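Please read the structure below before turning to the comments.
Because the structure is predicted, anything quoted here is derived from the model rather than measured. Proteins get letters first, then strands, A, B, ... in listed order; numbering begins at 1 in each.
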Amino acid sequence: MMSLKKITQPLELSQMDHALIHQHHAQVSALHQNGGTTSPGSTESLGDDGCSKTNLIVNYLPQTMTQEEIKALFSSIGEVESCKLIRDKPTGLTASTTVSGQSLGYGFVNYKNPSDAEKAINTLNGLRLQNKTIKVSLARPSCESIKGANLYISGLPKSLTQLDLEKLFSSCGQIITSRILYDQNTGLSKGVGFIRFDQRNEAERAIQKLNGTIPEGATEPITVKFANSPSSNKNALPTLALASYLSPTRRFLGPIHHPSSGRFRYSPLESSLLGSTTLLPSSTATPNTAISGAGWCIFVYNLAPETEENVLWQLFGPFGAVQSVKVIRDFQTQKCKGFGFVTMTNYDEALMAIQSLNGFALGNRVLQVSFKTNKMKMM
DNA sequence: CGACGGGACGC
DNA sequence: CGACGGGACGC
C-alpha cells in the first residue's frame with residue numbers, strides 16, 4: 001500500500017492523437033516561454049552544423065511513455081530523423097528496486113527539417129499527457145558546461161513570485177527554467193524555488209552574488225546553492241524494497257548508504273555509549289534499556305499513519321533477534337501516531353539496526369531511530 | 001511540523 | 001530542516 005504511485009496506465013497512441021487534436025493549444029506560462037529556449041543573439045542561421053535547428057529536447061514526459069510513442073507523436077508533425085528517450089542505467093544492482101531502464105522523463109527528437117522542429121515546438125509544447133505537461137524546446141548543443149546548472153533557493157519571501165525570482169537571477173545568466181514551490185493545500189509559497197541556468201558558471205556566479213543576500217523588501221537572507229543532482233536520489237531505497245534488500249538471511253549488514261544521511265541524521269547517542277559492545281541490558285543502570293531489563297528498546301519515529309506491526313518486523317528482523325514490536329496508535333482513529341517501539345535482545349544487533357535504519361527513507365518519510373529514552377514517570 | 005507506550009508480577 | 005512535475009543534454 002505504500003508505493004502505489006508508480007502504477008499508471010500505459011498511454012495508447014490513439015489517446016495521444018486524441019489529446020493532440022484537442023489540446024494542442026494548451027496554455028504554457030509566459031514564464032516558461034521566456035525561460036530561454038531562444039538564444040539572445042544572432043546565431044539563428046548556423047543551421048548547417050552549428051546550433052541545430054532540428055534537434056529538440058522534450059521534458060516532463062509521462063513515466064510510462066515509450067520511445068516509440070514519442071516518435072509516433074512527433075511524427076504527426078513531420079519526418080523524424082531520430083528519437084531517443086533517456087532511461088536510467090540498466091544497473092542490475094541489488095539495492096535499486098527501480099527496475100532497470102526507467103524513463104528519466106525526457107528525450108530528444110531530431111527532425112529532418114528545421115521547419116518541422118519549429119512546428120513541433122509551436123504545437124506540442126505545453127501538451128498535456130496524462131498527468132504531465134510536456135515541454136518541447138530546441139536542444140542546446142550537448143556539452144559539459146551546461147550540466148549541473150540547477151540551483152536550489154530557500155528562504156524566499158512567501159510573496160515572491162516566479163517572475164520576481166527570475167528578475168532576481170537574470171543578471172547572472174540565461175535562465176532555462178524557474179520554479180517556486182507552492183503548498184498543494186494552501187497554495188502558499190513554500191519559500192523554496194529552483195533556477196536552472198544555461199551554463200554552470202552562470203549558476204556559480206549566482207551563488208557568489210546572491211547567496212546570503214536579502215531580496216528587496218524582504219527581511220531574511222536567501223540561500224542559494226546547487227540543487228541536488230538527480231543521481232543523489234533521496235528515496236534510493238524504495239518503499240517495498242525493504243524485504244528484498246534487507247534479506248532475512250543476512251544478519252549483519254554493512255552500512256547502508258543513505259542518500260543524504262548527514263542531513264537527516266539525528267542520533268541521540270553519545271559516543272561514550274557506543275564504545276563497548278559488551279554491555280548488558282540492565283534495568284536501571286543505563287537510560288536506554290527496555291523496561292523489563294531483558295532486551296533493548298528502540299524508538300522509531302516518523303512512521304506513516306497506516307503503519308502496521310509487520311513493517312517494524314520487516315525493518316528490524318534482518319538485524320537480529322526481535323522480541324516485540326509495537327506501533328503506537330491513536331485510540332480514536334486507530335492510526336499510527338507516528339512512532340513505535342521495537343525491542344531487540346542483543347545490544348550489538350540493536351545498535352546495528354539503529355545505525356542502519358536511522359535516516360532510512362521509508363516511502364517518503366525519513367525514519368529516526370534511536371534507543372528509547374527513559375521518560376521517567378517513575379523510577 | 002512532529003517526538004518516547006502499555007501493561008499490572010501479588011511482595 | 002525544507003527538494004521540484006522524480007528525472008534538462010544523450011544513463
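Across all strands shown, N150(A) has heavy atoms under 4.0 Å from base atoms, whether or not it also approaches the sugar-phosphate. Residue-level contact check: K84(A) touches the bases, meaning some heavy atom is under 4.0 Å from a base atom. Here F339(A) lies in heavy-atom contact (under 4.0 Å) with sugar-phosphate atoms only. Within 4.0 Å of I146(A), counting heavy atoms only, lies at least one base atom of the nucleic acid.
Applying the 3.5 Å distance criterion, the base of dG10(C) shares no donor-acceptor pair with the side chain of N110(A).
For the pair N55(A) CG and dG10(C) C1', the computed distance is 9 Å after rounding to whole Å. Here dA3(C) presents its C1' atom at 13 Å from CZ of R196(A), a figure rounded to the nearest Å. Rounded to whole Å, atom C1' of dG7(B) lies 9 Å from atom NZ of K326(A). In this entry the distance linking CG of D183(A) with P of dA3(C) reads 11 Å, nearest Å. When the P atom of dC1(C) is taken as reference, atom OH of Y152(A) falls 11 Å away, rounded to whole Å.
For I86(A), whose side chain is taken as the heavy atoms from C-beta onward, the closest listed nucleotide among dA3(C), dC11(C), dA3(B) is dC11(C). Residue I57(A) places its side chain closer to dC9(C) than to any other of dC9(C), dC4(C), dC4(B). Relative to the side chain of F299(A), the nucleotides dG10(C), dG6(C), dC4(B) differ in distance, and dC4(B) lies closest. When the nucleotides dA3(C), dG5(B), dC9(C) are ranked by their closest atom to the side chain of F341(A), dG5(B) comes out on top. Closest to the side chain of R179(A), from the set dC4(C), dG2(C), dC4(B), is dC4(C).
Checking K190(A) against Y106(A), the closest nucleotide of DNA chain C that is more toward the 5' end is the one next to K190(A).
Side-chain atoms of S171(A) and K209(A) include a donor-acceptor pair closer than 3.5 Å.
Evaluation of the side-chain hydrogen bond (donor to acceptor under 3.5 Å, both in side chains) test over residues 198-207 of chain A, restricted to residues two or more places apart or in two chains, returns R140(A)-D198(A), S145(A)-Q199(A).
When atom types are taken as modelled, the side chain of N113(A) and the backbone of D116(A) share no donor-acceptor pair closer than 3.5 angstrom.
Here, dC4(C) and dA8(C) have their C1' atoms 13 Å apart, quoted to the whole Å. For the C1' atoms, the distance linking dG7(C) with dC11(C) amounts to 11 Å, nearest Å.
E144(A) and K147(A) are joined by a salt bridge, as a carboxylate oxygen and a charged side-chain nitrogen come within less than 4.0 angstrom of each other.
Here I214(A) is tied to no hydrophobic group at all, with no ILVMFWY side chain closer than 4.5 Å.
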